[in-house]
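Working notes for the structure below.
Values below: all heavy atoms of this structure, side chains included; hydrogens, waters and symmetry mates excluded. Below, chains carry the letters A, B, ... as their sequence lines are ordered, and counting in each starts from 1. Computed from a predicted model, the values in this text were never measured in an experiment.
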Amino acid sequence: MAKENKQEFVQHITPRSENFSQWYTDVVTQTDLMDYTPVRGCMALRPYGNRIWELIHEQLDGMFKETGHENVSMPMLIPESLLLKEADHVEGFAPEVAWVTHGGNEPLQERLAIRPTSETLFCTMFAKWVHSYRDLPMKYNQWCSVMRWEKTTRPFLRTAEFWWQEGHTVHATADEAQEETLLMLKVYQDFCEKNLSIPVFAGQKSDKEKFAGARATYSVEAMMQDGKALQAGTTHNFGTNFSEPFEVKYLSKEGVLEYCHETSWGVSTRLIGAIIMTHGDERGLKLPPMIAPFQAVILPIAAHKGGVMEHCEEAYKQLKAAGIRVKLDDRDNVSPGWKFNEWELKGVPVRVEMGPRDIENGVATVMRRDTFEKTTVPLANLAEGIQALLNDIQANLFNIANDFRLAHTKDVFSYEELAEQVDGGYARAMWCGERACEDSIKEKLNATSRNMPFDQTPIADTCVCCGKKAEKLIYFAKAY
RNA sequence: CGAGAUGUAGCGCAGUUUGGUAGCGCGUCUGGUUCGGGACCAGAAGGUCGCAGGUUCGAAUCCUGUCAUCUCGACCA
């Protein structure tokens with residue numbers, strides 16, 4: 001009976017190797033991260049998933065503060081006239097805007113967009129708040145949700161409503177704006193690599209792929225375990241594209257009225273999807289310790305026997321005092337074996353088993369989720385031992401993901417090589433810079449340009465697509 | 001938005017072809033024995049069959065519409 005049970009449960013998750021997409025959906029829905037709602041394409045974040053987002057929020061917010069940013073809050077609704085002010089912007093977002101048309105029972109004179117992003121609101125307010133060069137730079141951020149009426153949705157990766165942060169800054173000079181754009185890209189890269197253990201490619205987007213209304217867009221691109229690309233974060237330099245229509249101007253030291261230079265940047269709950277797809281395995285989630293809601297879970301074995309619960313509680317206190325996010329699973333209605341599987345499914349980095357045998361020996365049996373390696377740690381320095389393990393797991397997850405990424409990234413020199421490489425990986429190629437080649441690659445290979453790395457050392461002279469003189473080194477991949 | 005599939009108890013499913021009392025497994029609850037990789041025994045509870053119309057004496061089952069989810073494609077800062 002027990003064995004049949006287990007098979008049924010494990011079969012629940014479609015094998016990752018068999019159907020990556022289905023595996024992802026199964027993991028997402030069976031780990032209490034989110035649930036579907038009656039609203040089309042909108043998910044509910046459940047406590048476990050929401051806690052991951054809170055940890056991302058806390059840690060990123062700290063990095064924003066360190067780089068001199070402050071949080072503000074803007075309205076959810078944007079009057080249509082404001083959205084229409086920047087031509088490229090409205091063209092880019094119009095197809096996916098949800099509209100409010102009534103206030104109570106009265107039709108509105110002007111319909112209101114539910115924000116798909118808040119550039120237009122920020123610009124309107126910046127126009128009021130910025131007067132002098134003394135007011136600059138103004139570096140703001142907001143944590144909120146936005147809505148985009150997507151045609152097809154997928155949990156975390158593309159939902160109609162999603163939670164994110166959007167930073168918006170105003171600067172006196174083009175140089176400062178560019179510096180800010182690259183600084184925040186670096187912040188995102190560091191956050192992905194250090195906090196989430198997700199290695200990324202940082203670089204500049206092509207004109208075809210850049211943000212609606214931006215002069216330059218940059219991105220950090222992650223690689224999922226099926227070799228497809230996921231844009232993990234972006235930063236934009238708007239130059240004066242928005243400040244001109246919105247009249248965001250300042251009086252310079254020299255007494256001249258100048259347009260401001262603006263930037264924006266954002267990451268979203270999509271990062272949770274990236275974590276799942278980068279680290280997960282056949283048994284479910286594998287969470288990097290830094291954003292794991294529980295970094296360690298203590299499981300009593302034979303809890304009814306003398307001393308077991310007492311020792312577990314003591315260990316709990318010790319770990320908690322050491323600042324480790326720890327859970328004592330003292331449920332008496334499921335067996336230890338059940339708990340093992342459940343917490344592995346939910347991706348808890350370290351499991352601490354405490355049974356009569358451990359207590360006799362003055363140790364705890366500890367298993368790490370990334371390698372399934374079991375060790376014993378003396379109770380006297382349990383906290384130190386587990387903290388060391390957590391650090392090691394954090395680093396190991398990055399290394400595994402990084403090895404995978406490098407193994408699935410290749411320099412390509414011909415169209416045939418490109419076609420082969422984008423089927424399950426990133427292709428690093430030379431490109432003439434023409435939109436036509438990107439369009440053709442998209443149409444024939446279903447791959448898009450991801451970004452152009454900052455190190456532009458050429459690997460060839462001719463475009464991988466048309467054979468004309470190459471201008472740029474660029475990554476191509478199929479993307480989520 | 002196009003093609004295909006699915007929607008029945010908390011979860012996984014059968015029942016739909018051929019209309020006739022709402023079923024199974026797991027979980028849940030109660031009591032007891034267990035506890036180092038998904039424990040066992042006994043008893044119990046739990047469902048307007050996605051939603052709205054229609055056909056019929058009678059609809060989970062047939063028809064129409066609609067909503068949601070999945071797969072593939074198109075689209076997509």
Any strand, both distances under 3.5 Å, Watson-Crick or G-U wobble: B:A44 pairs with B:U28
C1'-based separation of B:U18 from B:G27 [nearest Å]: 35 Å
Identify the nucleotide, in any strand shown, that forms a Watson-Crick or G-U wobble pair with B:A52, with both distances under 3.5 Å; if there is none, say none. B:U64
Check the interface with nucleotides 28-35 of chain B: list each N/O to N/O pair with the protein under 3.5 Å, or write none.
from, atom 1, to, atom 2, distance (Å)
B:C35, O2', A:A302, N, 2.8
B:C35, N3, A:H304, ND1, 3.4
B:C35, N4, A:H304, ND1, 2.3

Does A:Y426 have A:R450 sitting over its ring (NZ/CZ under 6.0 Å from centre, angle to axis within 45°)? no
Does any nucleotide pair with B:A14 by Watson-Crick or G-U wobble geometry, both distances under 3.5 Å, and what is it? none
Partner of B:A22 under the Watson-Crick or G-U wobble criteria, both distances under 3.5 Å, comes out as none
With sugar-phosphate meaning primed atoms plus P, OP1 and OP2, does A:R351 contact a base, only sugar-phosphate, or nothing at under 4.0 Å between heavy atoms? base
Parallel, tilted or perpendicular, as decided by the 30° and 60° cut-offs, for the rings of A:H236 and A:F238: parallel
Test your reading of the model: is there a side-chain donor-acceptor pair from A:Y188 to the backbone of A:S219, 3.5 Å cut-off? no
Base partner of B:A39, which must satisfy Watson-Crick or wobble distances under 3.5 Å: B:U33
At less than 4.0 Å, is any side-chain N or O atom of A:T25 found next to OP1 or OP2 of B:U71? Yes or no. yes
Using purine N1 to pyrimidine N3 plus N6-O4 or O6-N4 for Watson-Crick, or N1-O2 and O6-N3 for G-U wobble, both under 3.5 Å, which nucleotide pairs with B:G4? B:C70
